[in-house]
> 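First the structure, then my questions, so here it is.
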Amino acid sequence: METYNPKVVEKKWQGIWETEEAFKVGTDFSKPKFYALVEFPYPSGQGLHVGHPRPYTALDIISRKRRLQGYNVLFPMGWDAFGLPTENYAMKNHIHPKIVTKNNVGRFKQQLQDLGYSFDWDREVNTTDPNYYKWTQWIFLKLFKKGLAYKSEMPINWCTSCKVGLANEEVVNGKCERCGGEVVHKVKSQWMLKITEYADRLIDDLDLVDYFDRIKVSQKNWIGRSHGAEVDFVIGGTKDSLTVYTTRPDTLFGATYMVVSPEHPMIEKYKDQITNYDELMAYREEAAKKSDFERTELAKDKTGVEIKGLKAINPVNDKEIPIWISDYVLMSYGTGAIMAVPAHDTRDWEFAKKFDLPIIEVVAGGNVEEEAFTDVATGKLVNSGFLDGLEVAEAKEKITEFLTEKGIGHKKTNFKLRDWVFSRQRYWGEPIPIVKCDKCGYVPIDESELPLQLPDVESYEPTDNGESPLAKMTDWVNTTCPCCGGPAKRETDTMPQWAGSSWYFLRYIDPHNEEALADPEKLKYWLPVDWYNGGMEHTTLHLLYSRFWHKFLYDEGVVPTKEPYSKRTSHGMILGENGEKMSKSRGNVINPDDIVGEFGADTLRTYEMFIGAFELSASWSQEGVRGCRRFLDRVWKLSDLVTDEEDYSKDLEVTMHQTIKKVSEDFEAMKFNTAIAAMMSLVNDFNKKGSVTKGEYKTLLQLLNPVAPHMTEELWEGIGCEGRIYQSTWPEYDEKKTIEDTVEIAVQINGKTKATITIDRNIAKEDAIVKAKEALGSKLDKTIVKEIYVPGRIVNIVQK
RNA sequence: GCCGGCGUGGCGGAACUGGCAGACGCGCAGGACUUAAAAUCCUGUUGUAGCGAUACAGUACCGGUUCGAUUCCGGUCGCCGGCACCA
């Protein structure tokens, strides 16, 4: 055969696959299904990054294998195309974001097609397509009608550079995740989604799914569920009480003061009784000025002011204790107030030391003068009246019962998770389908009016007062109230980028349906997604948001499953040759087009799978790419050594069965690197032997096909096989034939290998020991204490 | 600080439930082919000593369990990722 020319081969087969509709999703619902999903890309102006093909190739391999195994496979692709960079580019170059998106999508699509992925392109979706975002808006209306979308005046994270409100998740170290600009607090009326309503289920239902452990752990930490109690402290001289949340009700006897957040409403309420109100206000103002970043930066140095004129009463011992304000207590968590137990909480301890407040030990086991004793596993209660002598866990139970009986407290679960800030003061996003009427308030538009299309505007610049560019479109903004028919104004904020990506996997199932988000019968067949792979960076945001929406749609009867994805895996990043993250400024960017041009798509695919453990990050190596091309060249050249024999040759039969087993299992476990290594070994075996039977070669081509689909199709045809390799059946192995009859095992003395022997696999222990002793000969020179034989593995003689 | 992960040749990385450490690839060295180079093919390649068979050491470090530890346990150091005053 002539030399391997990927340029010709790859174009040829991409054309054939398209003509033959090779990867069109099957409609026979009696067949088993497999839904493989990769995160759809944001079509940026830079084109495909060399990191994209890693997860795409991985699931392309799984998908191609599943097709050969007889499944209906849904492996779709689309575009998460709303977003800031497009809008920024549009602003700078005065091109409509629609056009920018179209161009970028065109480029991305061509690049993906050049890589030979088996996507069914008839199911392509685009979040910016009105026929798509119609349903994003439809879901929003459902949320609104259920009271899960609400408007709230609240301090939001405001990026001073992008002039846009950000979700908590978009703020990294007090900076804007996108532009690195300073983030400050700004009070604005925002649309919020009540994800907190689903907090428990988002944790508990993780038991129903198969996710990488670290993904489950991150989700749990992010939701941050904690169990404790709320306790009421009476404010001295009033009938009112101050409620705190604590996870350590057992330490109640050690509460020597209280702290409330600087924004706590009780300060206003008791303004008249407070003698140092001005001082408190000054402190509050200082705290408000600090950005979140500064607040955490200065975490170690506690500040605060005592509220003079008010005291609280510790409900268990009736002691009068002071109340302080400090910015280490957050208004947004718990009740905005805490009971301080300096002996057993590190922050309270630091605060007490600084302001010289009493520290009372109530759990024995540490030295509370030196540091807070926070261990809950070992200590016993002291100085705690009826709790004395109990373990922490018992004391918690007992005190909570006591508080409940007395009506001054109760069990309480809290979450770190906050509601989702859903508004963006931006143009390039889904319009929120709500109008505001002075009489009727916020009114949803009628479903029949969907999609509510984005109007064309003159300028995409956000306004300085923080309003969306849409606000300037008075023709669009002024409308009538769907409820009373009076004059009303449209909502001008748009949805965040996370909206469209929260349900896109549903639309792939029935992308052209005009009557519904998707046909229920189809949803029933295809859901849940069997295997979803995506980046670790999306575990706390996208993954959580889409699980939330899915659960909501489940409650609404729209989707048939509680969870959207039954399995979730994550890939590692691809770094530059110097081991650093690829970036223009570091000058270490690899362009996938260049690799495809020089070596071919099959080589790029093979290399990215061979580069290292799939879930770990890996550095690029141009030499490594060359090595993979060499491997493919060797497979190619092997076609000259193919004999007519359809069976496996006797001497390689075991190796063949072993390799099929290894590759089949390793693909499933995403151990692509070792699967490829096994195929390289097999090729080395063929070359050593100088020939390969047609049967052996066909199997090799089928095993390699998911990784290098173009080349294997060409060779399949080249050696005169029937049909296409994509229509063939995944090779089977016989477990019995993966085991050699004879095996070479190690012979050890005291655990150190001294010789090897070749024995029959089923040899009796006695015979194995005899053979081993023969092999050791004079090395056995002491008294034998023990003889160990692990069948098929090792003989170990212990001598003294 | 807390949570998660990792530490193996010159490099990327293998090693099933504790059983011959270093598969496979890269690089390097030597050889074949060539006028020559590239490409390709063959041989070697953890370190130390030895011509050699071989011996000893060796999976971040210290210790433990075991006939036997890269794997399990305790401690130390280092790197990466996430969260970060969440009461």
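These numbers come from a predicted model, not from an experiment. Here is the naming used below: chain letters follow the sequence lines, and residue numbers restart at 1 for every chain.
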> Does A:Gly627 reach a base, just sugar-phosphate, or nothing at all? Heavy atoms under 4.0 Å.
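It contacts sugar-phosphate atoms only.
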
> Between B:rG12, B:rC26, B:rC83, which nucleotide has the shortest distance from any of its atoms to the side chain of A:Trp222?
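So the side chain of A:Trp222 is nearest to B:rC83.
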
> Closest approach to the side chain of A:Thr246, judged atom by atom: which nucleotide of B:rA87, B:rC20, B:rC24 is it?
B:rA87

> Using atom CG of A:Asp213 as one end and atom C1' of B:rC6 as the other, report the distance to the nearest whole Å.
16 Å

> Less than 4.0 Å between a side-chain N and a carboxylate O, is that true for A:Glu230 and A:Lys411?
no

> What is the distance, to the nearest angstrom, from the CG atom on A:Leu544 to the P atom on B:rG82?
17 Å

> If you check every side-chain atom of A:Thr756, which of B:rA23, B:rC20, B:rC67 has the closest atom?
B:rC20

> Quick one: is B:rG25 close enough that its OP1 or OP2 comes under 4.0 Å of any side-chain N or O from A:Asn673?
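No, no such contact exists.
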
> Of the options B:rC41, B:rA87, B:rC85, whose atoms approach the side-chain atoms of A:Ser226 most closely?
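Given the options B:rC41, B:rA87, B:rC85, the side chain of A:Ser226 is closest to B:rA87.
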
> Which of these nucleotides, B:rC85, B:rA87, B:rG25, is closest to any side-chain atom of A:Tyr328?
B:rC85

> Does A:Glu608 pair with A:Arg54 as a salt bridge, N-O distance under 4.0 Å?
no

> Is the phosphate of B:rG82, meaning OP1 or OP2, less than 4.0 Å from a side-chain N or O of A:Arg214?
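False: A:Arg214 side-chain N/O out of range (4.0 Å or more) of B:rG82 OP1/OP2.
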
> Look at all strands and tell whether A:Ala613 reaches a base, only sugar-phosphate, or nothing, counting heavy atoms closer than 4.0 Å.
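The answer is sugar-phosphate, as A:Ala613 gets under 4.0 Å only of primed atoms, P, OP1 or OP2.
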
> Of the options A:Val329, A:Ile338, A:Ile267, A:Ile325, which is the one that meets A:Ser261 in a side-chain contact (heavy atoms from CB on, under 4.5 Å)?
A:Val329

> Round to a whole Å and report the spacing from CE of A:Met536 to C1' of B:rG82.
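Distance check: A:Met536 CE to B:rG82 C1' gives 8 Å.
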
> Where the side chain of A:Val217 is concerned, which of B:rC24, B:rC67, B:rG4 is the nearest nucleotide?
B:rG4

> Counting only side-chain heavy atoms from C-beta out, which of B:rG25, B:rA87, B:rC85 sits nearest to A:Ile338?
B:rA87

> With heavy atoms under 4.0 Å as the rule, sort A:Ser621 into base, sugar-phosphate or nothing.
nothing

> Suppose we call two aromatic rings close when their centres sit under 6.0 Å apart. Are A:Trp620 and A:Tyr607 close by that rule?
yes

> How far, in whole Å, is B:rA69 from B:rA60 if one measures between their P atoms?
15 Å

> Base, sugar-phosphate, or nothing: which does A:Asp348 touch, judged by heavy atoms less than 4.0 Å apart?
nothing

> Where each residue is assigned the nucleotide of RNA chain B containing its nearest heavy atom, which of A:Met680 and A:Glu744 is assigned the position nearer the 5′ end?
A:Glu744

> For the side chain of A:Lys671, starting at C-beta, report the closest nucleotide among B:rA15, B:rC20, B:rA87.
B:rA15

> Considering only B:rA15, B:rA87, B:rU40, which nucleotide approaches the side chain of A:Lys637 most closely?
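Looking only at heavy atoms from C-beta outward on A:Lys637, the closest nucleotide is B:rU40.
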
> Between B:rG68 atom C1' and A:Lys754 atom NZ, what is the distance in whole Å?
13 Å

> Select one nucleotide: of B:rC83, B:rC85, B:rG19, the one nearest the side-chain heavy atoms of A:Asn796.
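Of B:rC83, B:rC85, B:rG19, B:rG19 is nearest to the side chain of A:Asn796.
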
> Provide, to the nearest angstrom, the distance between the CG atom belonging to A:Asn221 and the P atom belonging to B:rC3.
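Spelled out: CG on A:Asn221 to P on B:rC3 is 10 Å.
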
> Between A:Tyr328 and A:Lys302, is there a cation-pi geometry (under 6.0 Å to ring centre, at most 45° from the normal)?
yes

